[in-house]
Each structure stands twice: as structure tokens, then as C-alpha cells.
Amino acid sequence: MAKKYIDVMDTTFRDGFQSVFGGRVLMDDFFPAVEAAKDAGITHFEFGGGARFQSLFFYLQENAFEMMDRFREIVGPDANLQTLARGINTVMLDTGSRELVEMHAKMFAKHGVTTIRNFDALNDVQNLEYSAECIKKYGLNHEVVVTLMDLPPGCEGAHDVPFYEKTLRQILDSGVPHDSICFKDASGTSSPQKVFDTIKMARKLVGEDTHIRLHTHETAGVSVACYLAALDAGADGIDLAADPVSGGTSQPDILTMMHAVKGMNYDLGGLEIEKVLKYQEVLKHQLKDYFMPPEATQVSPLIPFSPMPGGALTANTQMMRDNGTLDKFPEVIKAMREVVERGGYGTSVTPVSQFYWQQAYANVMFGPWKQIAPGYGKMVLGYFGKTPVEPDSEIVSLAAEKLKLEPTTENPLDIADRDEKKTMSYWENRLKDENIETTEENIFIAAACDEKGIAFLKGDGPLSVRKSNDSTCENDKECNLGENKGMSNATGNYTVVVDGQKFNVTVAEGNADIQVTPVADAAPAAASSAPAGGAEIPATVAGNLWKMNVKVGDKVEKGDVVAILEAMKMEIDVEAPCSGTVSAILVNPSDAVEEGQALATIS
């Protein structure tokens, strides 16, 4: 009897890169490996979308649409090229308007996509309906998704087989057009038995003719067992990656899975071991200069307690490296359990995984629930749809107070359609103001990436890729090389501590005069007005100054939000420590700042 053919999607160039390098791999560095993958007989690739879309514009200063076009040229017209979309968020972290959701499908169809895998992190089927219509309207295959994870131990309320059956029935009953069904576990925390029972349930509901596949990560150490369980239950396809971006936070390795099914009645994509070995040799060579975060190669027994998706884990740890807060990583992972439980059990996959991470990060850095991350707050208030279970009422009230928003049950698309900033015309005018060509691609880039998209289109964005040599970044001071940046070119203002006393230090190249002055501690919490000599307004966390809300001469009250920092993809309010008049602004928008660095002074 012939073996059952199992479709293998190679995730190396999308989820693999995202899970290991935070998506930061330059196209000319990996294209030779795409050619090798084609020669190895691989015909189904995940090659864009998801966080990998924004990462090209944010960090690599490359155009994702150009990358997609060149990828298609390499693999030819018959390959199944797949991208990842987040329902009504598409490739953005915020809800798109109907206009932007449709433009996403139109642009991706134009630039070589065959299939779009489409999910909603809340498993709110309403959020899949319109995006599915748009995907099919432009002639693409639609792979509809049910998102999976296991809840932290002791938590109950969703994410069991009956919940997934309810979600799948809603998809079928709503008439969402689809060509295949994927069960997607971005954190790799689902148990093999739950996977088996879920696939069995799905096969019974949809019959034998519908393509069913499983996507998972090795982060929690059970991915191969889950894939075997899925195949045993009747799955038709699985996702695998190639070494060195396989295993760890990524998908299981192609060769590992070929070994796991030896003696079984499965043919994994018709692949041959020797050809795959050659492909992996080329990939290793092409990526040899890239810094490999140690956490990307590890299986973590703590992940089921978080749960943190592999695709988000390294992106977040890379940002923590940049912000000098990587030592807080274990505390943030530990803090995620409460954040997940009180947030309504949305699946830990982008953008909800980022909301969970941001809130856990805020709880660690500023104290439990002292700040509400905007995305997390809007989620519990209903602005992204309905969470699987009701969020904690105390957190809902706190979010409403902090964000000055009322809870809602309105369709998120209707809310987005009223937002002028989510229209093509808004961004077309913005491009005209900047003298940037107003192509549909450029308008969508700006709409999806906001000011970072504008910076890319103007050629002003920084290159941020971690390599062990400086050939790529020799002309770019913002490029991060390896884990240790070194201090050889670390010019700027810094706060240092010597024998318990803070000093402001200005570091300059050459023989420049370096000034060192003691730093006065911020005013105590009980102070209501500026002390004699004035008070500094310190940055509460390392990051970038996104916005200064005041100018010199403005009067402020204690607790007023005087500045907004951007750190970990999160906006963080900086409050005045006392009342008084702003006497100096010490930093400019987009400047990188260290924790404790003075942003302004009040007298």
C-alpha cells in the first residue's frame, strides 16, 4: 500500500527567521538558500506576512514586496507561496479598516502569494469573515485557522477540545470561505493527546476531502510528539523548518521529522534526505555570520506556564538586549500567567501574545498593574473582538480608567472604519506631504507601519541586524553587531553609579572635554512642587522618546503625562514627579534614552 502523502510547508524563511532572529535576516543573505530549497524538491514555502512583514521595514530597511517578488522569481510560478495574516489586523498590530483589509489581500495577490493562512488570536469568527472574503476576492487560497494553546496549570475556561469544536462549528456555520483548515499553536504548549483529539474532532466534522494541517513550535519540547499525534488522527500537512533555524523556538527540523516517521505509513512531501542535507548546508553557510540568540536554540520547561510563542520570544529578547533589560526575562515570563488568566484567555499569538508580553513587562518594570499596556487594555475592553471568556472585571475597570475608554461590543471593523488614520486617503496625503511617491504599495506600507513606514520610505530608518562581522553595517551607527555592542563608539549622555552615587557622564570621541556632574535624585513621591533648584523627569525604562507632551514654559501638575516612551513595542507614559514649570527639554523625539536618564526639568 502506498504511503500517505503529507504536505510539508517549509517555514524557514518566515517563521524560522522570526523565531530565531526576530525576523532580521537580509534578503540577499538568504536567497541562495531559497534556490537550494527549490533544488531539494520543496514546493511549499511560508515566505512572508505576519511579523516578518513589518520587520523588513522596521529593522532591515528592505521592502517586503520586493522580497516577495524576488522569492517568486527564484522558486518559479508553480510553488505554493504562503503568508500569514491576523484576520482584521492583517500584518498590522492594530485593527485595520475594511479598506486596509482589502488592500492587504490585493497587494499580496499582486506580489506572488498563493495562499494566505488567516487567524484571529481571540478565535472570534466575526474577525475572520471579511478578511476571508477579501482573500478569495483576489483569487488566493484561504487557509482558515483555529488557534491553540494550553492554559497555564490550574487555569480553566477555554482551550480544550470542546472550545475548538465550538470555534470550528462557528466557522462552518458562518460560511467563511476556505480551502484548508489549520490548527495553529504558536507557543507549542498543546499536549499531544489534545492535538490528537482535536484533529479527530475536526476530521469528523469536515469529512475526508478538506485539507487539515497542524502548525506548532518546539519551544515546550513536545512538537514532534504533537505532529505524530496529528498525523495519526488524520492530518494532511505539517510545518517544518531547516537547520539552523529549526527546533528551539522554531518548528521541528525537516530531517528530525523524517527520522521520526521512519517505518510509518507517511511520505513527508516526497523529500529525500541527501537533498535536504545539501539544502541545510547552504542555509548554514548563508547564515553563519548572524548572531544566534542562545534562547532560540533551547527548549524551555517554563513555556507552558507563560505561554510565550516561539515567533515572539526572540523578537522580545532581542528588544530586551537593545534596552538593557534582558536580566528581567525570567520575571516577565513568570508574570505572564496572571496576565493571560485575567485577560480572557485569548490565544498567545500575535498580536495578543505581544499584548500579554507588554503587560507582563510593565508589571515587572513598574509594579503589578501600575500601567496598562494600550493593546492589552483595548483587548480586555473589547476593541479587538470578543475574548474566549470574560476578562477579569477589576482589570476591565482599570483599563477603562487608564485608557479613558469605555468597554464595547461593537464590531472592531466598524470602529476602525471611523478612524481617519486608517484610510488610504490619509496616508496618501501623508506621503504627498513628504514628497514620497503615492503608489498603492507605499500607501499600504505607511498604513501598516505608521511613522516607521514613513521613515523607511524616506530612507531615514536605522539598520538593525545582529551579525558577528561589520561588513553589512560599517556605514550605519545604528546597526547592532553581535550580542555585545562594545563601547568604542558609545558617544552620548549616560547615567552611571559610583559607590552608590549617580553621575551624568557625557562620552565623546577623541580628546573632547568630558563633563561629569552629580545627578540629583528625583523628587520624593510625597512632594507636590519642584524643590529648590528644580527636579528632573527621568525615563522610567530604556527605550526611545516617542513624544514630548510639553514645551519649555508649560506649567504641569504632579502626575501629568509629560512624555511618552516607546519600548518593547509599547507606549509608556512618563509622569511629572511634582508640580511646577518646565524649564528645560533635554531630549528630542526618536532619541534613544536609558532608564533614569533625565528627559526634562521642572522648576
Side-chain angles (χ1 to χ4, degrees), residues 4-11 14-15 42-50 68 71-72 75-91 101-102 104-121 123-148 164-165 167-186 198-216 230-231 233-240 268-270 349:
K4 179 180 178 180
Y5 182 86
I6 303 300
D7 180 78
V8 171
M9 182 169 74
D10 184 350
T11 61
R14 209 295 300 176
D15 207 339
I42 295 172
T43 60
H44 188 181
F45 297 89
E46 186 182 46
F47 81 130
M68 293 158 67
F71 201 114
R72 172 58 78 184
V75 299
D78 297 327
N80 184 359
L81 295 187
Q82 187 161 319
T83 58
L84 186 66
R86 310 171 186 130
I88 56 177
N89 293 65
T90 63
V91 290
V101 171
E102 179 173 356
H104 161 261
K106 181 180 179 180
M107 290 295 94
F108 276 51
K110 179 180 177 180
H111 291 281
V113 175
T114 309
T115 303
I116 293 182
R117 174 179 288 173
N118 189 33
F119 73 89
D120 180 66
N123 280 311
D124 185 342
V125 175
Q126 176 182 248
N127 288 346
L128 297 172
E129 294 172 350
Y130 183 71
S131 54
E133 293 174 10
C134 293
I135 290 167
K136 296 303 295 180
K137 175 180 178 179
Y138 289 96
L140 301 172
N141 294 328
H142 178 227
E143 184 163 277
V144 69
V145 176
V146 177
T147 57
L148 315 181
Y164 299 138
E165 179 175 356
T167 303
L168 182 55
R169 286 185 181 276
Q170 288 175 343
I171 290 172
L172 300 175
D173 292 344
S174 69
V176 171
H178 60 276
D179 301 277
S180 56
I181 298 170
C182 176
F183 290 89
K184 176 180 173 65
D185 187 338
T198 299
I199 300 295
K200 271 287 190 184
M201 170 274 296
R203 180 59 72 198
K204 183 177 179 181
L205 276 183
V206 303
E208 295 298 322
D209 295 334
T210 299
H211 184 92
I212 298 175
R213 63 189 306 120
L214 178 69
H215 169 95
T216 191
L231 296 178
D236 304 300
I238 55 176
D239 298 351
L240 302 171
L268 295 188
V349 60

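Bear in mind the structure is a predicted one, so any value in this text is a computation, not a measurement.
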Working to the nearest 0.5 angstrom, can you tell me the gap between Met68 CE and Lys110 NZ?
11.5 Å

Between CG on residue Leu84 and OG1 on residue Thr11, distance to nearest 0.5 Å
11.0 Å

Which heavy atom of Ser174 sits nearest to which heavy atom of Val125, and what is that distance?
OG-CG1, 3.7 Å

Residue from Asn141, Leu128, Val206, Leu172 passing side chain to side chain contact (heavy atoms under 4.5 Å, CB included) with His178:
Leu172

Using a strict cut-off of less than 4.0 Å between a Lys/Arg side-chain nitrogen and an Asp/Glu carboxylate oxygen, indicate whether Asp239 and Arg14 qualify as a salt bridge.
no

For a 4.5 angstrom cut-off between non-hydrogen side-chain atoms, does Phe45 reach Asn80?
no

For Met201 and Tyr164, which heavy atoms make the closest approach, and how far apart are they?
CE-C, 3.9 Å

What distance separates Leu240 CG from Asp10 CG, expressed to the nearest 0.5 Å?
8.0 Å

Restricting to non-hydrogen atoms, name the atom on Val349 and the atom on Lys184 that form the minimum distance, rounded to 0.1 Å.
CG2-CE, 3.8 Å

What do the steps show when you test Asn123 against Thr167 for side chain to side chain donor-acceptor pair (under 3.5 Å), and what is the final call?
CA-CA 7 Å; Asn123 280 311; Thr167 303; 4.8 Å; no

Assess the residue pair Thr210 and Leu205 against the criterion (side chain to side chain contact (heavy atoms under 4.5 Å, CB included)); give the C-alpha distance rounded to whole Å, side-chain angles, the decisive distance to 0.1 Å, and a yes or no.
CA-CA 10 Å; Thr210 299; Leu205 276 183; over 6 Å; no

Answer yes or no: is there a donor N or O on one side and an acceptor on the other, between the side chain of His142 and the main chain of Pro177, under 3.5 Å?
yes

d(Thr198 OG1, Leu214 CG) to nearest 0.5 Å is 9.0 Å

Quick check: closest heavy atoms across Asn118 and Gly87, and the distance to 0.1 Å?
OD1-N, 2.9 Å

Quick one: do Leu268 and Ile6 satisfy side chain to side chain contact (heavy atoms under 4.5 Å, CB included)? Show the steps, please.
CA-CA 5 Å; Leu268 295 188; Ile6 303 300; 3.9 Å; yes

For residues Val101 and Thr90, report the shortest heavy-atom separation together with the two atoms involved.
CA-CG2, 4.0 Å

According to side chain to side chain donor-acceptor pair (under 3.5 Å), who are the partners of Asp179, at least two apart in sequence or on a separate chain?
Lys136

Check step by step if side chain to side chain donor-acceptor pair (under 3.5 Å) holds for Ser180 and Glu143.
CA-CA 5 Å; Ser180 56; Glu143 184 163 277; 2.8 Å; yes

Given His215, which partner from the list Asp15, Asp185, Thr147 fulfils the side-chain hydrogen bond (donor to acceptor under 3.5 Å, both in side chains) test?
Asp15

Nearest-0.5 Å distance, CD1 of residue Ile42 to CE of residue Met9
12.0 Å

Polar side chain donor-acceptor pair, His44 to Asp7, under 3.5 angstrom:
yes

Which heavy atom in Gly112 sits nearest to a heavy atom in Arg72, and how many Å separate them?
O-NH2, 2.7 Å

Please list, chain by chain and in numerical order, all residues satisfying salt bridge (charged side-chain N to carboxylate O under 4.0 Å, His left out) with Arg203, sequence neighbours excluded.
Asp236

Interatomic distance, Ile181 atom CD1 to Leu168 atom CG [nearest 0.5 angstrom]
5.0 Å

Tell me the salt bridge (charged side-chain N to carboxylate O under 4.0 Å, His left out) pairs involving residues 81-91, sequence neighbours left out?
none

Salt bridge check: are Glu133 and Lys137 linked by an N-O gap of less than 4.0 Å?
no

